[in-house]
Amino acid sequence: MRMLTITALAFSFTALATAQMREVWRYVYMPPQSELYAHLNRAVRLADGSLLLVGWVETPTNGHDALAIRVNPDGTEAWVYQRDGASLDDAFVDAVEAGGDLWLLAQFTDAEGYRYAEVHRLNQSGQPVQIYALSRASNAHLRPIRLTFGESWQPAVVAELVQNSESLLALYEADSFGYVFLPVGMRPWGVADPNPHFILMLGTRASASHSVDAFSYFYDVAFLRYSGPAGGVDIPMLATSNGMEHYWVGIQSEGGITGEDVVVLAYNAPAAMRWGYRYSYQLHDDYAEDMVLDRRENLHLLVKTVLWRGEPFERHTLRLATFSPQGALLTDTELVPDGAPILSGLLRLNDAGERYVGVSAPSFFARLNPSGQPLWRQSVPMTLEALFPETDGSVLTAGILRIEERNEWGYWRTYERLGAIKYAPNGDLNADGCVDDADLIAVLFAFGQSGSGLQADVNADGVVDDADLLTVLFHFGSGC
């Protein structure tokens, strides 16, 4: 009888569970008028578990206003900070938490139509402490790119100054946010994860012989160039680091007969390349979506692949490729076999190194097993823009929610609302809708096991222990 039970349990967990999470709370931002739209540029998880959502909101008279919202750990709204510039298209584009305060990077448009940037320093209650206007030349556009950290972990801004059709890279450092123009001759695209050793900036430069080349600039130290063998367009899209002196850059690269490829370059800062890899799945078009680094320095790359051969024609898929610290391709797994043309994805790690993927079109998030396949997947009613796996197994999500409401004439209308949802484990390991003996037995038989991708590891901390057992017991009988 015991062997029969174990066999049945093993069989039940070979199928993909469709839900192992429950919705804890849902926050929806309501603009001043229901027909107005709000957009999310970035979500930041704060030290106390709150979420800071930054972006813009439409206004009836003046285009977009810059918008920042703090959502408490229980899902209630703490405050809204909204600012209007002199003209249209205002937004907060980035934010960090530093020195006990919140730093928001804003872009505005002046009365003459030129773009400029500000840094708004707020206290934890959402009140402005100081507003810094970033210097720029007259008759020039200043495009803010990213808030990062410079020396002594002080906030710094990377921006692009465009004047007389020339693009210049500018770095603004606290305290006064005075700027330095960097004579590197590239158009900036992005910045790697904050690192106390080097600020790694990404950009491109055009040439007559190589179309567009990708550049990686280790601030004030080294300048590295990549040009693909096809001599086409190479754009650095992603970058991460180990917090020390190892960096990884993901480049979108034209590959000739292989179509669009993803090139991964691994560096020892500031100038030594350790390895490189050109990823191309069966000569189809591949696009870099996201990448993360685990504690063993394995690199996990999320790729959108468009399959042009076979049926159905033009099939959009998501794949997960894992590389060893030496650059060997360890696994290459298909996560989404058939998505919409707007298919996109996010890749995240929790503190225990468990991998989570967030997908839009179709919209869901999932926890992955060691081979890269989902242990379970949770559908979400939103276009996912942010995903935060928590230490207790819960997951914070943020993005654009789809809400259907009946209007005053009785017709249904679909609204898009900026919002966030928190999910937590519900103890239903086999996803049969009932937390019962089968779920309890699964935890008991796996009790004490450690490792990655354990189905009975409810809180995803790498070990099946009392916390997982208590979660199942707490929800025992739910849904039955």
Side-chain angles (χ1 to χ4, degrees), residues 143 145-146 158 160-162 164-169 182-192 198-219 221-241 246-291 299 301-309 313-319 321 323 326-329 332 341 343-344:
R143 179 175 68 93
I145 297 174
R146 189 73 190 269
V158 176
E160 177 190 26
L161 183 76
V162 180
N164 299 324
S165 300
E166 182 182 11
S167 174
L168 296 173
L169 179 62
L182 307 177
V184 295
M186 74 177 191
R187 181 179 184 185
W189 283 76
V191 181
F198 299 98
I199 299 177
L200 174 58
M201 307 176 196
L202 309 176
T204 55
R205 181 191 293 174
S207 67
S209 59
H210 292 90
S211 187
V212 176
D213 291 343
F215 282 83
S216 304
Y217 176 57
F218 293 92
Y219 172 47
V221 178
F223 191 53
L224 306 174
R225 170 181 175 177
Y226 175 81
S227 181
V233 177
D234 300 292
I235 301 175
M237 305 296 293
L238 307 168
T240 189
S241 77
H246 289 178
Y247 287 79
W248 291 256
V249 177
I251 299 171
Q252 193 64 49
S253 177
E254 283 187 322
I257 62 171
T258 61
E260 292 286 338
D261 297 339
V262 180
V263 172
V264 179
L265 302 178
Y267 294 107
N268 282 338
M273 193 176 82
R274 294 186 293 123
W275 57 264
Y277 192 101
R278 175 173 285 271
Y279 179 91
S280 180
Y281 179 71
Q282 297 183 3
L283 306 185
H284 293 281
D285 285 339
D286 305 291
Y287 301 91
E289 288 287 318
D290 207 352
M291 68 182 185
L299 185 73
L301 174 69
L302 189 63
V303 178
K304 176 181 176 179
T305 297
V306 182
L307 305 176
W308 296 107
R309 296 192 303 271
F313 180 70
E314 192 180 342
R315 186 160 60 93
H316 298 258
T317 72
L318 271 185
R319 306 188 65 83
F323 299 90
Q326 294 75 37
L329 181 62
D332 186 4
L343 175 69
S344 62

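What you see is a predicted model, and the numbers here were worked out from it, not measured in a lab.
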Output the distance between atom [atom1] ([X]) and atom [atom2] ([Y]), rounded to the nearest 0.5 Å.
| X | Y | atom1 | atom2 | value |
| --- | --- | --- | --- | --- |
| Leu301 | Thr240 | CG | OG1 | 11.5 Å |
| Leu318 | Lys304 | CG | NZ | 8.0 Å |
| Leu200 | Leu224 | CG | CG | 8.5 Å |

Checklist entry - Which residues satisfy the salt bridge (charged side-chain N to carboxylate O under 4.0 Å, His left out) test with Glu160, sequence neighbours excluded? => result Arg143, Arg187
Checklist entry - Which word best sums up how the rings of Phe218 and Tyr267 line up, parallel for under 30°, tilted for 30 to 60°, or perpendicular for over 60°? => result perpendicular
Would you mind reporting whether [Y] and [X] have side-chain heavy atoms less than 4.5 Å apart?
| X | Y | value |
| --- | --- | --- |
| Tyr226 | Ser253 | yes |
| Val306 | His316 | yes |
| Gln252 | Val262 | yes |
| Leu238 | Trp248 | no |
| Tyr279 | Val264 | no |
| Met291 | Leu302 | no |
| Leu202 | Ser216 | yes |

Checklist entry - What heavy-atom pair brings Glu166 and Leu168 nearest, and what distance separates the two atoms? => result OE2-CD2, 3.7 Å
Item to check | Residues, nucleotides or ligands: over 12 heavy atoms within 6.0 Å of Trp275 CH2 | outcome: yes
Next on the checklist: Testing the 3.5 Å rule here: is there a donor-acceptor pair between the side chains of Ser280 and Asp261?
Outcome noted: yes
Item to check | Set of ring pair (Phe, Tyr, Trp, His ring centres under 6.0 Å) partners for Tyr277, sequence neighbours left out | outcome: Phe323
